[in-house]
Protein chains: 2
Amino acid sequence: MLTGRQLLILQVIIDDFIQTAQPVGSRVISKKEDISFSPATIRNVMADLEDMGYLEKTHSSSGRVPSEKGYRFYVDNLLSPQIAPDDINVIKHVIQDGIFEFEQIVQKSAEVLSDITNYTSIILGPEVFETKLKQLQIVTLTPQTAVCILITNTGHVEHRAFSIPTEMSSSELEKMVNILNDRLQGVPILRLPEKLNTEVLSLMRMYVNDFEKSFDYLKAAFFNEHPVKLYFGGKTNMLMQPEFKDIDKVRSFYTMMEREEEIADMLKATTDGIKVTIGHENKVDAIKDCSLITATYHLGEEQMGTIALLGPTRMEYKKVITLLNALSNEMTEALYMWYKNND
Amino acid sequence: MLTGRQLLILQVIIDDFIQTAQPVGSRVISKKEDISFSPATIRNVMADLEDMGYLEKTHSSSGRVPSEKGYRFYVDNLLSPQIAPDDINVIKHVIQDGIFEFEQIVQKSAEVLSDITNYTSIILGPEVFETKLKQLQIVTLTPQTAVCILITNTGHVEHRAFSIPTEMSSSELEKMVNILNDRLQGVPILRLPEKLNTEVLSLMRMYVNDFEKSFDYLKAAFFNEHPVKLYFGGKTNMLMQPEFKDIDKVRSFYTMMEREEEIADMLKATTDGIKVTIGHENKVDAIKDCSLITATYHLGEEQMGTIALLGPTRMEYKKVITLLNALSNEMTEALYMWYKNND
DNA sequence: GTTAGCACTCTCGTTTAACGAGTGCTAATT
DNA sequence: AATTAGCACTCGTTAAACGAGAGTGCTAAC
């Protein structure tokens, strides 16, 4: 257990380091407003904190730097949740300002988030799977090719072109679309393949001649790959951080940022609420000296997606957590508004 | 005018430097297979080439490095166009391998191009304006909101959600869509706004009650912003180039890469055929030590888009030019196939 | 318990020296 | 007359040496 003085000094050190990125020495601390001890006293305290593992030295006679354990303690115990500042109004404004598509909201949110914080933001888009099919349309481009369009109740549109088997007439095609719409409207996207195989398959076999080949095309076109959508903001912000001054780190960081599946998996694994993952707590090597802060957004009880901020371990945790909290709420609300309208 | 020997040595120097990224000295050259002069002779020639501005020294007693003028001469006169290697088969394969959407072809091309070359590729998507409207659909999500979907003859799909004026009934909406489709099918996207204002406006006023407000919505939804699409490949490849070892260059480079309009303008300005822009020939500051190689792809006589490769001035011009040539042809052909089918 | 004082440690920037790669010039060679 | 060998010279790179500065840990005094 830490004494009050230890807590105070730990907090001051971390706050200072977060701002300056420089090891902080006893002299600097003694000059702070709310500190009334001499440098020597502070040195003693710092030595204790180091023994306990909350602080580190970069070399034997340098100032102290927070260890990961220190950061962990800091976010767990030393963060007085503060009422968020103007930034939250900015967020509100962006989210509600005459945007009609959820995708746009998400993209804008990612941008705003990175602009405000100067870190890199990643948002895991709302799971398409959870949304329901509103309508399915096939538009023929030529006798051989057509584009299939799938509209969800959220206003999301997916499309894929495919080629029509030569044996199939256009009336046949139309019949097929009708059956599909009749049977599949309102079905969650996630269930589509299953539903397609059970109910619809037999029906089609009955009414549509030679449907099988085009059916395959359709299935291949839509259900093979359903990549989760990631929205990024401020990808270059990391370059501005002093901890990324050497090129090798930059390389490995950006190489990682291109492995979207990996990132998506990481974000999917997040549980409810705000979660802070510091340094080596991260499983991914390339961000072992970064912190990842995630929050989720919801529809009702159900978790729909994840918002994340990625920065150096020396992050402005207080600001960022408040902000993420706010954004999470705003997005949840925006999502709710959507679904209220679009059942 | 350069003598044969000067030509030979200039070529060898540039070739070597392109490979090693190190200033090349007289000794190294004398060791090359097709060189039969002593280092001293070569030094004399190099001094001449330097006087003429084709070579530079990084400092007074270093080996020589090609100047921009040197590179310019190299690409203009020293590049024996060579038959392309296996890479071209890779390209062919990627482009023709069961892809049905032109966008996909473009995206894949960008990726392949950067993978093969280890540079950054940028492709300016086919101008949406040139394509024609195939069909227009409006799907209502709720009584208040709908999503408008626009399908072009190329299989390209655009969509935008908008809100329905409360006064408008669904039958009214349907009537509107019918009129729009009736009048606008086959019209080039570029002409839509104009056509909308002339022919369709009066017609709508006649048949649809209270159409004006939703008309505004529609127009706003579709025709405000029509950003040109850029496709990137290998954005991180630049980090691997030794000339990008200092972080400031990296910063300014990636900051530039985010200004998509600027890049688009740059690529739009390209004329027909392959064009090489070396170093300071580039207007954009952040790539004053890069070379940009562009090629165009076509539909019939008409230029549709631009393929570009961005790398350090020390680029493998020969390989890259051959490759870009091939890709340009492949894309033109693919585009032609598209349009042949999708008039 | 706190603090002043001091010796000690380590980094950082500067200086110095040695080394090596490469040049330019001159004189000898072909 | 062209080519080349030889040599002095230049400059970047690396390593070692050094002083200054920041900060610590410890001891002794308050």
Side-chain angles (χ1 to χ4, degrees), chain A residues 1-10 12-17 19-32 34-67 70 242-243 245-247, chain B residues 1-10 12-17 19-32 34-67 70 242-243 245-247:
Chain A
M1 291 300 87
L2 298 184
T3 67
R5 182 188 296 174
Q6 287 172 327
L7 289 176
L8 174 62
I9 288 185
L10 181 57
V12 171
I13 290 179
I14 298 187
D15 281 338
D16 187 86
F17 183 72
Q19 266 216 303
T20 66
Q22 297 298 327
V24 9
S26 54
R27 239 187 83 86
V28 181
I29 295 188
S30 73
K31 292 279 175 59
K32 298 259 174 185
D34 28 358
I35 299 289
S36 52
F37 322 106
S38 75
T41 311
I42 293 169
R43 281 203 290 279
N44 289 330
V45 177
M46 291 201 297
D48 293 344
L49 288 170
E50 185 178 358
D51 286 345
M52 290 184 274
Y54 296 116
L55 294 179
E56 283 171 352
K57 285 189 282 196
T58 64
H59 60 270
S60 73
S61 74
S62 75
R64 298 307 203 291
V65 157
S67 69
E243 22 271 284
K245 67 182 189 305
D246 82 321
I247 203 80
Chain B
M1 290 297 86
L2 297 182
T3 69
R5 181 189 299 174
Q6 286 172 327
L7 288 176
L8 174 62
I9 288 185
L10 180 57
V12 171
I13 290 179
I14 298 187
D15 281 338
D16 188 86
F17 182 72
Q19 267 216 303
T20 65
Q22 297 297 327
V24 6
S26 54
R27 239 188 82 86
V28 181
I29 294 187
S30 72
K31 293 281 177 57
K32 299 258 173 186
D34 28 359
I35 299 289
S36 53
F37 321 107
S38 75
T41 312
I42 294 170
R43 281 204 289 281
N44 289 329
V45 177
M46 291 201 296
D48 292 345
L49 287 171
E50 185 179 357
D51 286 344
M52 290 183 273
Y54 296 117
L55 295 178
E56 284 170 353
K57 284 189 281 196
T58 65
H59 61 270
S60 73
S61 74
S62 75
R64 299 307 205 291
V65 155
S67 68
E243 22 271 284
K245 67 180 189 306
D246 82 321
I247 202 80

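Sequence lines set the chain letters: A, B, ... in the order given, protein chains first and strands last, and positions in each chain run from 1.
Note on B:T41: a side-chain N or O is less than 4.0 Å away from OP1 or OP2 of D:dT4. Put simply, A:K57 has a side-chain N or O that comes within less than 4.0 Å of OP1 or OP2 on D:dG25. Between D:dG25 and A:R64, a contact under 4.0 Å exists linking OP1 or OP2 to a side-chain N or O. In this structure, B:S61 does not reach the D:dT10 phosphate: none of its side-chain N or O atoms is under 4.0 Å from OP1 or OP2.
The base of C:dG20 is not paired with the side chain of B:R27 by any donor and acceptor separated by under 3.5 Å.
Residue-to-nucleotide proximity on DNA chain D shows that, of A:G25 and B:P39, the 5′-proximal contact is made by B:P39. Closest-nucleotide positions on DNA chain D for A:A40 and A:P23 were compared, and the one nearer the 5' end corresponds to A:P23.
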### Query
Are A:V24 and A:I29 close enough, and set up right, to give a side-chain contact (heavy atoms from CB on, under 4.5 Å), and what steps lead you there?
CA-CA 8 Å; A:V24 9; A:I29 295 188; 3.6 Å; yes

### Message
Using salt bridge (Lys or Arg N to Asp or Glu O under 4.0 Å), reason through A:R64 and A:E56 one step at a time and then give a plain yes or no.
### Response
CA-CA 6 Å; A:R64 298 307 203 291; A:E56 283 171 352; over 6 Å; no

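For the pair B:D16 CG and C:dA21 C1', the computed distance is 15 Å after rounding to whole Å.
In this structure, A:E50 CD and A:R43 CZ are separated by 13.5 Å, a value rounded to the nearest 0.5 Å.
Nearest to the side chain of A:H59, among C:dT3, C:dC10, D:dG25, sits C:dC10.
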